[in-house]
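The structure appears below as structure tokens.
Remember, predicted model here, so these are calculated numbers, not experimental data.
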Amino acid sequence: MTREIPKAYEPQQIEQHWARAWVEQQLFRADPSAPGPVFSIVIPPPNVTGSLHIGHMLDHTEIDILTRWHRMRGFNTLYLPGTDHAGISTQRVVGRKLAEQGIDYRTLGRDEFERRVWKWKEESGGTITEQMRQIGESCDWTRERFTLSPELSRAVTEVFVRLYEEGLIYRAHYMVNWCPQCQTAISDLETIHEERRGNLWYIRYPVVDSSESVVVATTRPETMLGDTGVAVHPEDERYKHLIGKRLRLPFMNREIPIVSDTFVDREFGTGAVKVTPAHDPNDFALGKRHNLPELDVMTDDGHMSAAAGPYSGLDRFAARKRVVEDLQGQGLLERVVEHTHAVGTCERCMTVIEPRASNQWFCRMKPLVEPAIAVVESGEIQIIPENRRTVYFEWMRNIRDWCISRQLWWGHRIPAWHCADCAEITVARESPAKCATCGSSKLQQDPDVLDTWFSSALWPFSTLGWPDDTPDLRKYYPTSLLITGYEIIFFWVARMIMMGLKFTGKVPFHHVYMHAIVRTADGQKMSKSKGTGIDPVDINRKYGTDAMRFTLALMAAPGKDLIWTEDKIESSRNFANKIWNAARFLFLNLEKFEATGVSIEQLAAPEIRAAAPYSAGGDLKLINCWIFSRLAHVTAQVNDSLEQYRFHEAAHQVYHFFWGDFCDWYIEWMKPHLSDSDRSIATAAWRNLFAVFDAALRLLHPFMPFITEELWHKLPQRAGAKSIALEQFPAPQPSWIQEPAEEQVALLQEIIVAARNIRAEMKLESKRRVAAELFTPEEETRKLIEANLAPVLRLATLSNIQFATAHLDTASGAVRSTPKFELRISADEGRDLPAEIAKLRKERERLARDVQSKTTRLADQTFRNRAPAEIVRDLETTLAERSAEYQQVLARLAQLEKNLRPSDPGASAGALG
RNA sequence: GGGCGAUUAGCUCAGCUGGUUAGAGCGCUCCCCUCACACGGGAGAGGUCAAAGGUUCAAGUCCUUUAUCGCCCACCA
């Protein structure tokens, strides 16, 4: 048999092959009738027109790790993929495309435009899901969903109608955030407040039939054209006498009243505030209280309307400039003061939003909030990390009604019809034939569509077939977990909880894991618009998907933002290469072994499949006990870490197990035995090696699905099996954990490292075997070393070890010691005495400090009285050990210094004296 | 204006419920292209845990204050 395995891991073809195979075989198709506990998760649906960026990769990686991990542990697992129609975002993208072709989308008309967007969706909407397939996410593609599909639209309509019937959805004339660029209302959450430097203009309004005047301060002088009043505080002595009088509004020749309202802050500006009910939320409320008329002086696209008189037709910012100039010209501008204040901008296009009173649909939130708070308080929904709960509660308790209508064409059309005859509204699931109030058939559907987040709020149950009672819904709802970024806790998470409780009576998920944000090296948030996004597909081509996944996992400590740098993925790429080469070692040597006449069938014996350890004798027994014990430990730790969403811990654990324990120690230790002339030993060694490797691959699989799948299929014992993804995650027996074996191997490792350390210091030729002497205070230790002499000698490159009966000195060689042993390598040439002395001195200082502090500590009566007895006892033991070590070091140092420079006054021993 | 978080090795970060000598990756130094891997092996150097107080027998870990830097929320013109 020939196995051609390239020297370096080349992920490209392998990944593509498996990505395709997994989808084609429908490997991850969920079966609601299958047994096992349920693990279900719905994807946070990305924008259909988007493409994956590294930020997506983080939650997709986390989701996929957990999904694969659960699946391998026997859960009935569903990972449901899908996309969001992303109203404003998509409409803007397509609008821009059309504009590039010289087409103004408005001239196409609504139906045609919608057709174009659907076409666009068909053409490019697959990008993101194709990327997901490429990176091997283990979703059930047969259950892919789209928020604007007929099925999900049906759920949206159902929810809207029910909420309307309960009076939770209403239509009202109210202040909204208007984006003049997108020409639609947007919600509070979709506006971004930016601190901007501006001015506070002080404008004088003359009092009618009087020589007096009132000065108001404003940041937006152009809105004065829409002023319908001026307000002062009722207790303000400066203005008390003017309350009820009228002012003449410059330019507009309109008389407006002075009203009193406690809302006014006497300290700010002049204590008199102009009131523009149509263009400011506070003024809107104030205007309502005082029956001031609304006067909208702007158009949908942010220009001054006919109501703005002489300024009609001007852009709002041009109008501001002109108004200020004209005020100045008429001597009505008192003064101008610099003033920084928060300006609301549209999150999509960054245009300054215009607060505007208009007719919109709203969803009443208060009645939905209470139960949604309760389930988080009770822990029925657990938010991780916990400190995000506060933010959630805070927002929920101060929630305001949600403006759900958008003046767009792309989205779920509001199922409401206006009657031309009686002006009443009919809300219905199906297009009604006549008006519910007057029976007229002159009905026209409301032109608005719903906020994208309205359908997103239903995602966990609409994707499973709601409002029908489907097997999927029964089996997989509530979902187990939601993983998403903390930036959408309000947009999405909170609303899903409210809607889930309202319409299914159940929470939509039990856990919410909020991950952090991926940033660039200079701390910027990754985003395409800023050009700081990194295309994961490029990264994957260069380093491999597994490397990227592993890198993200290594960085993903809960609640911490992570910074993406290229060197990190290099290190993960190297790890993949390490795995590859460990496999290469196994397979290449297996060929040689096979040549000696042992068949693969023998290796593929059932006990390997069960990963039965300890089948060999001699020193093999210890090392095998050790590696299986390590495996058991690490598996337990990985399970524990993943249980708590501590991905970084889990990733570190598998990394060090594979690279450190398995490659550096186990394989190195086992090498000679794999070709032992005693065939039973060799076979046993191979069996154990393959068993560990097999388990290690399964342990690694959730993190690095591609390379593990590829290598796993090359394992002789796995010939013909379908996929590692469907195999069992390592489930070690408790009996595999053997603390004594772990301690014993750790001690042998220490001896080997000590020897290597001396060799390095002496600059011995790397292959030259030298003799060593060893003193151990305990007979047990000596026996252990004798029993494992061959591997110790080999790994430490020693020719032999002679056991000493007394403490070792440094006279004839360099010594390394721990409380359990002292090791000396004697050499005539190559000793670096100054280096040894430097090292010992440092050791001396360290020990002196340590002994000192421990002595002081133990002398403290309060410590002895209050600390747990165990702590005191431990400390006494360590102190005894340290003191002994310290004495040894002093003695050795004295010797060395005498040898080197007997007359050197700096060579005196002992800091403690 | 509220709230949350960060400050640990040259760099990027771990360090959960306080208890031996504070860890990792990268970088750095030295040795080695040893028949899996130079995307490698071996051995090292490097930290008064932002500052000051406090709680405690014991603090990187808990509390307070300060400094610096982030983020989120917020209708005061």
Measuring only the [atom1] atom in each nucleotide, how far is [N] from [M]? A whole number of Å is fine.
{"N": "rC28(B)", "M": "rA36(B)", "atom1": "C1'", "result": "27 Å"}
{"N": "rA59(B)", "M": "rU12(B)", "atom1": "P", "result": "29 Å"}
{"N": "rA51(B)", "M": "rG19(B)", "atom1": "C1'", "result": "26 Å"}
{"N": "rC49(B)", "M": "rG23(B)", "atom1": "C1'", "result": "12 Å"}
{"N": "rC16(B)", "M": "rC33(B)", "atom1": "C1'", "result": "44 Å"}
{"N": "rC39(B)", "M": "rA45(B)", "atom1": "P", "result": "26 Å"}
{"N": "rA9(B)", "M": "rG15(B)", "atom1": "P", "result": "15 Å"}
{"N": "rC69(B)", "M": "rC30(B)", "atom1": "C1'", "result": "39 Å"}

(message) Quick check for you: among rC71(B), rC32(B), rC13(B), whose closest atom lies nearest to any side-chain atom of S766(A)?
(response) rC32(B)
(request) Identify which nucleotide among rC26(B), rA36(B), rC39(B) has an atom closest to any side-chain atom of A8(A), counting heavy atoms from C-beta outward. (result)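 Among the listed nucleotides, the one closest to the side chain of A8(A) is rC39(B).
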Verify the contact: side-chain N or O of [X] to OP1 or OP2 of [N], cut-off strictly under 4.0 Å; return yes or no.
{"X": "K7(A)", "N": "rC37(B)", "answer": "yes"}
{"X": "K578(A)", "N": "rG41(B)", "answer": "yes"}
{"X": "W659(A)", "N": "rG41(B)", "answer": "yes"}
{"X": "N398(A)", "N": "rC73(B)", "answer": "no"}
{"X": "N577(A)", "N": "rG40(B)", "answer": "no"}
{"X": "R756(A)", "N": "rG41(B)", "answer": "no"}

(request) Kindly compute the distance separating OG1 (T223(A)) from CD (E354(A)), expressed to the nearest 0.5 Å. (result) 8.5 Å
(message) Show me, range against range, the stems involving RNA chain B, built from at least 3 consecutive Watson-Crick or G-U pairs below 3.5 Å.
(response) B:1-7 with B:67-73, B:10-13 with B:23-26, B:28-32 with B:40-44, B:50-54 with B:62-66
(request) Output yes when D236(A) and R266(A) qualify as a salt bridge under the 4.0 Å nitrogen-oxygen rule, no when they do not. (result)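 Salt bridge between D236(A) and R266(A), a charged N being under 4.0 Å from a carboxylate O: no.
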(request) Determine, using ring centers only, whether Y655(A) and F703(A) are less than 6.0 Å apart. (result)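 When the ring centroids of F703(A) and Y655(A) are compared, they turn out to be at least 6.0 Å apart.
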(message) Suppose we call two aromatic rings close when their centres sit under 6.0 Å apart. Are Y513(A) and F647(A) close by that rule?
(response) yes
(request) Identify whether NZ of Lys or CZ of Arg in R335(A) sits under 6.0 Å from the centre of the six-membered ring of Y202(A) and within 45° of that ring's axis. (result) yes
